[in-house]
2 protein chains.
Amino acid sequence: MEIWKAFEKNKISHSAAHHLMTIYDLLGENGYARVTDVARRLEITRGSASITLKTLKEKGLVKEDQNKFLLLSDEATSISQSIQSMRTIFKKFLITVLNVNPCQAEIDACKIEHLLSPETGKKLLIFMKFMSGDDKNARNFLETFHLYEQSSKCNITNCAVCDDECLMSQQTYKEDS
Amino acid sequence: MEIWKAFEKNKISHSAAHHLMTIYDLLGENGYARVTDVARRLEITRGSASITLKTLKEKGLVKEDQNKFLLLSDEATSISQSIQSMRTIFKKFLITVLNVNPCQAEIDACKIEHLLSPETGKKLLIFMKFMSGDDKNARNFLETFHLYEQSSKCNITNCAVCDDECLMSQQTYKEDS
DNA sequence: AAAAATTGTTATATATTTAAAACACTTCTT
DNA sequence: AAGAAGTGTTTTAAATATATAACAATTTTT
């Protein structure tokens, strides 16, 4: 299959991931989670939540007890934790390493949290662990890079990354409507 | 609006982005691009391509000449270049810095190429430029990090990134079906 | 020129995600 | 106990992304 088509074939959609994570959070905060609670937190109607959760029940990810209180399967719990940790780590990378505006970092992290592979997640975590640790090379690197990044030395018009001409410098469109 | 809902509100869907990029590539390679050429390269039917391209025409991103040969607006050209450069840069980051398997890096980059903000794109580019340059701190960092990454020192069970417990270590699910 | 192949569009269909509204059921208040 | 409020589901509807198949128009081959 063409690589680009893999996008549509994720195990969990963005929306479904947030339903699972909401249940996970509610269970942690209140000890229970109902359809209404999920809908309220996600700011969608109870009907929408009910339908999305029905498909998640059919996939065995969400269960309910005798009082219709929602429960997560072990797999769903693991998925929720993984996606949340991916967001946390990626956001931290954007803010503390790349110096991206925290609000933008939040948005970007939210968009990709469910899409990056476990391998990338693990390696990014190792990277951030090293970067946040007390290794002298990491400290020196970060300090030098941030000086560089805030200087005008980093003129992006011609660079090795894009080979001939730096296409990113043409990145002028706004992707949110 | 809730941040998580922003995911659905991208200017360009993953599918639409690939239609634009395919036209961009075909124009570069052959000097022209027709509906059939796009469909063939994307491995979708002509009908599907025709419908997707119709909506892109309605948005003013795709035009056609008197012979129905497809053209891109300036904005669409810019979008194509930006997304392709995002993929290139992010993939290079995954492979050369994080040491992610190149095949997996290709898949991950393809999934997020159209979702990250221009700000993140620019900053990641500056980062990669610095990282790939000849600054001694960058060289030392990368060397030390790769030694660390390949050693067993990076046991991810409890780390500062995830505060209390490292959730990424539980990342055992496979997101592709 | 006639037949065959190619091209682009449209009609029909499926799947997903979401909403609003109506409904049935349960729980709370008075 | 009766009415009100809250809860969950279903129905109906819209938008998006895709496919197949049928169709019309054009181009190529013979």
Side-chain angles (χ1 to χ4, degrees), chain A residues 1-23 26 30 32-59 61-71 110-111 114-115 175 177, chain B residues 1-23 26 30 32-59 61-71 110-111 114-115 175 177:
Chain A
M1 185 178 62
E2 286 277 301
I3 285 177
W4 77 275
K5 288 191 187 175
F7 185 81
E8 325 294 342
K9 299 281 156 40
N10 297 310
K11 174 152 192 176
I12 285 279
S13 73
H14 178 75
S15 159
H18 277 275
H19 280 72
L20 293 187
M21 288 191 291
T22 301
I23 296 173
L26 287 167
N30 305 334
Y32 65 88
R34 296 165 305 168
V35 173
T36 300
D37 305 316
V38 173
R40 190 151 39 215
R41 185 159 294 196
L42 288 178
E43 294 183 16
I44 57 179
T45 62
R46 279 176 294 141
S48 282
S50 178
I51 290 169
T52 302
L53 291 169
K54 191 165 77 173
T55 71
L56 291 171
K57 282 175 196 162
E58 284 159 7
K59 288 179 186 160
L61 294 168
V62 172
K63 322 241 178 207
E64 57 183 27
D65 69 10
Q66 58 277 57
N67 296 314
K68 289 201 159 280
F69 282 32
L70 302 166
L71 302 169
C110 181
K111 286 190 182 180
H114 65 302
L115 292 173
E175 75 196 42
S177 56
Chain B
M1 184 180 61
E2 286 276 301
I3 284 178
W4 77 275
K5 288 190 185 174
F7 184 81
E8 325 295 341
K9 297 283 155 41
N10 298 310
K11 176 153 193 175
I12 285 281
S13 74
H14 177 76
S15 159
H18 278 274
H19 281 71
L20 293 187
M21 289 191 289
T22 300
I23 297 173
L26 287 167
N30 306 335
Y32 65 88
R34 296 164 305 170
V35 174
T36 299
D37 305 316
V38 173
R40 190 151 38 214
R41 185 158 296 197
L42 288 178
E43 294 182 17
I44 59 178
T45 61
R46 279 175 295 141
S48 282
S50 179
I51 289 169
T52 301
L53 290 168
K54 192 165 78 174
T55 70
L56 290 171
K57 283 175 195 161
E58 284 159 6
K59 287 179 186 161
L61 293 169
V62 172
K63 322 241 179 209
E64 57 185 26
D65 69 10
Q66 58 277 57
N67 295 315
K68 291 201 157 280
F69 281 33
L70 301 167
L71 302 170
C110 180
K111 286 191 182 178
H114 66 302
L115 292 173
E175 76 195 41
S177 54

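Naming: A, B, ... by sequence-line order, numbering from 1 per chain. Not measured: the values here are computed from a predicted model.
As a whole-Å value, the separation of A/Arg46 CZ from C/dC23 C1' is 11 Å. Rounded to an integer number of Å, the gap from CD of A/Glu43 to C1' of C/dA20 is 17 Å. With rounding to whole Å, B/Leu56 atom CG is found 16 Å from C/dG8 atom P. Counting to the nearest Å, the P atom of D/dA19 and the CG atom of B/Leu42 are 10 Å from each other. Distance NE2 (A/His14) to P (C/dT17): 11 Å, rounded to an integer number of Å. Distance A/Lys68 NZ to D/dT7 C1': 10 Å, rounded to the nearest Å. Protein atom CD of A/Gln66 is 14 Å distant from nucleotide atom P of D/dG8, rounded to whole Å. In this entry the distance linking CZ of A/Phe69 with P of D/dG8 reads 8 Å, nearest Å.
At a non-hydrogen distance threshold of 4.0 Å, B/Ser48, B/Ile51 from residues 47-55 of chain B come into contact with DNA chain D.
Checked against salt bridge (charged side-chain N to carboxylate O under 4.0 Å, His left out), B/Lys59 has no partners two or more places apart in sequence or in another chain.
For the pair A/Ser13 and C/dT17, the criterion of a side-chain N or O lying under 4.0 Å from OP1 or OP2 is met. Taking only side-chain nitrogens and oxygens, B/Thr36 comes nearer than 4.0 Å to OP1 or OP2 of C/dG8.
Nearest nucleotide to the side chain of B/His19, out of D/dA19, D/dT18, C/dG8: D/dT18. The listed nucleotides are C/dT9, D/dG8, D/dT18; the one nearest the side chain of B/Val35 is C/dT9.
Residue contacts for B/Lys59: at a heavy-atom cut-off of 4.0 Å it reaches no nucleic acid atom on any strand shown.
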**Message:** Set out, in order, the CA-CA distance, both residues' side-chain angles and the distance that settles side chain to side chain contact (heavy atoms under 4.5 Å, CB included) for A/Asp37 and A/Tyr32, then state yes or no.
**Reply:** CA-CA 9 Å; A/Asp37 305 316; A/Tyr32 65 88; 3.7 Å; yes

**Request:** Start with the C-alpha distance between B/Ile23 and B/Leu56, add both sets of side-chain angles, then the distance that settles side chain to side chain contact (heavy atoms under 4.5 Å, CB included), and finish with yes or no.
**Result:** CA-CA 12 Å; B/Ile23 297 173; B/Leu56 290 171; 5.9 Å; no

**Asked** Between A/Leu53 and A/Ser50, is a side chain to side chain contact (heavy atoms under 4.5 Å, CB included) present by the stated rule, with each step listed?
**Response** CA-CA 5 Å; A/Leu53 291 169; A/Ser50 178; 6.0 Å; no

**Item:** Test side chain to side chain contact (heavy atoms under 4.5 Å, CB included) applied to A/Leu70 and A/Lys57, step by step
**Value:** CA-CA 10 Å; A/Leu70 302 166; A/Lys57 282 175 196 162; 4.0 Å; yes

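Within the 4.5 Å cutoff, no side-chain heavy atoms of B/Leu71 are placed close to those of B/Glu64.
Remark: B/Lys54 NZ is loosely packed, at most 12 non-hydrogen atoms of other residues, nucleotides or ligands lying under 6.0 Å away.
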